[in-house]
2 protein chains.
Amino acid sequence: MFTSSEENYLKAIFHLSTVSVKGISTNAIAKKLNTKASSVTDMIKKLAEKEVLVYKKYQGVSLTSEGRKIAANIIRKHRLWEVFLVEKLNFNWDEVHDVAEQLEHIKSAKLIDEIDALLGFPKYDPHGDPIPDKDGNLDQIEKSLLSTLLVNESGICVGVNDSSSSFLQFLDKQKIALGQEITVLEKEDFDDSMIIEINERQLSVSNKIANNLYIQKK
Amino acid sequence: MFTSSEENYLKAIFHLSTVSVKGISTNAIAKKLNTKASSVTDMIKKLAEKEVLVYKKYQGVSLTSEGRKIAANIIRKHRLWEVFLVEKLNFNWDEVHDVAEQLEHIKSAKLIDEIDALLGFPKYDPHGDPIPDKDGNLDQIEKSLLSTLLVNESGICVGVNDSSSSFLQFLDKQKIALGQEITVLEKEDFDDSMIIEINERQLSVSNKIANNLYIQKK
DNA sequence: AATAATTTTTAGTCTTGTCTAAAAATATTA
DNA sequence: TAATATTTTTAGACAAGACTAAAAATTATT
């Protein structure tokens, strides 16, 4: 059994592993978890002891397959709870993160299986992130940042990179939602902003926005 | 904000307060929480500091109205989660306690309000215990232990005293459920067992059983 | 390659919540 | 009421998880 703290480390390392393929550095973990490098070193040793990750001094860490499975399971719980909160309890997609962060640590296999069934075995969470299956596999769909699309290319909005509530609320305000079609009409070299068409409207979006919206090209 | 541990102490003291009216003893709390008296003394001091209970050395403790409110709120969450697990997630009434014990500590006002609404604002949990309202008030219905009924008296089964899964499973096996009518047909002086009628069946129940079933007399 | 800068680890401290053992207070009994 | 038993508190220790400050290792720079 793992503590909430241990689970949070595993989750953070799992997320970092999907970005960089190399050993995950102490500092990167510390930054992700808003903690200090020395705390990370302590915890890493403990987790290496439990054989959920491999650690060699000064070389960073990588998860074992056991560690990956545990991490994926926590992410599975987090994302299923997010779907539950939005679908069944009238939460907005910008309100779910903190609560899911707590709920993901509840220990009960039956609980999460039943939530999964109640929701009809969803494949994606409210932010478009895939929900790992019970074995820890998660299917990666082909998606590109809006900022990488060329003029006249179009696709479906399938996810967000940044899930901060300020960004999500901005999208709500602009009536940009997952599932909608987006076409790039113009790109501005000067500030890398672009003009897009969405819902029969034209909209100018900054580079920062375009760098945080995932599109499935068609 | 209170830690899970602090919340558990408050809840335990609240429960003990409903039984005895006097100051709650250190030992009683220790027994209830499966901990040691010395640990209780430490925690009690901390909670007195936070003004959720009144403590005088060697005199036991009693909750302040603030403390009562917090405790009732945790019990509210616990019982609402139990209803949710049974009503929405196919849990049996003997499976809910441990999970609710975890879920009751989740911090989110919206979460529990929405669960409450989803369930249609239930007044009782699956074991017949009343659910406190948001202000911490809980209505006490008139109920008597089955063992106190006289021959020929009858009433509705409205709750259990012991909610251990072994007792609850026993009731399931005997097809005794909340809401059913029970009539006392005979009482046996020798071992204080009784013969009851329930669901058009006659059943002999031991004194231990009769001491753990609540009846609302009619 | 030597020095400087950065990262990582170690050593020691702190807090929370627990424990054991002993001391102090209260309660019980002869 | 004096002796005994029980309860409660204190004192000191421990584990988990975090921190700071300093040492050690690695990486970058001149």
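Since the structure is predicted, the reported quantities are computational estimates derived from the model, not experimental observations. Chain letters run A, B, ... following the sequence lines, proteins first and then strands; every chain starts at 1.
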Ignoring backbone atoms, test whether [X] places a side-chain nitrogen or oxygen under 4.0 Å from the OP1 or OP2 oxygen of [N].
X: B:K36; N: C:dT20; value: yes
X: A:T3; N: D:dA16; value: no
X: A:Y9; N: D:dA16; value: no
X: A:S25; N: C:dT7; value: no

Any residue meeting side chain to side chain contact (heavy atoms under 4.5 Å, CB included) with [X], in chain and number order, not counting sequence neighbours:
X: B:T35; result: B:Y9, B:A30, B:L33, B:S39, B:V40
X: A:D162; result: A:S164, A:F167, A:N212
X: A:K32; result: A:A12, A:H15, A:L16
X: A:L178; result: A:W93, A:C157

Sugar-phosphate, base or nothing in reach of B:S39, heavy atoms under 4.0 Å: base
Touch class at under 4.0 angstrom, heavy-atom based, for A:S5 against every strand present: sugar-phosphate
[X] has an atom [atom1]; how far is it from atom [atom2] of [N], in whole Å?
X: B:I29; N: D:dT9; atom1: CD1; atom2: C1'; answer: 14 Å
X: A:D42; N: C:dT10; atom1: CG; atom2: P; answer: 9 Å
X: B:I44; N: D:dT10; atom1: CD1; atom2: P; answer: 11 Å
X: A:K31; N: C:dT7; atom1: NZ; atom2: P; answer: 8 Å
X: B:E49; N: C:dT15; atom1: CD; atom2: P; answer: 14 Å
X: B:L47; N: C:dT16; atom1: CG; atom2: P; answer: 12 Å

Donor on one side chain, acceptor on other, B:D191 and B:S193, under 3.5 Å: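 Their side chains do contain a donor-acceptor pair, which is all the 3.5 Å distance test asks for.
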Pairs involving residues 106-134 of chain B, ordered by first then second residue, that meet side chain to side chain donor-acceptor pair (under 3.5 Å) (sequence neighbours left out):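 Output for this query lists A:N90-B:E114, B:E7-B:K107, B:R76-B:D116, B:E82-B:H127, B:D113-B:K134, B:Y124-B:D139.
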Listed partners of A:F14 passing ring-ring contact (aromatic ring centres under 6.0 Å, His included), at least two apart: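 Result, ring-ring contact (aromatic ring centres under 6.0 Å, His included) vs A:F14: none returned.
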ring-ring contact (aromatic ring centres under 6.0 Å, His included) involving B:H105 - partner list, sequence neighbours excluded: none
Nearest-neighbour nucleotide for the B:K45 side chain, C:dC19, C:dT8, D:dT10 considered: D:dT10
Crowding at CD, A:E49 (>12 non-hydrogen neighbours, <6.0 Å):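 Count not over threshold, so no.
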Sort me out a list of protein N/O and nucleotides 4-6 of chain D N/O pairs below 3.5 Å, or just none if empty.
none

Restricting to nitrogen or oxygen on both sides, can you table the protein-nucleotides 21-26 of chain D pairs closer than 3.5 Å?
residue: D:dA25; atom: O4'; partner: A:Y58; partner atom: OH; Å: 3.3

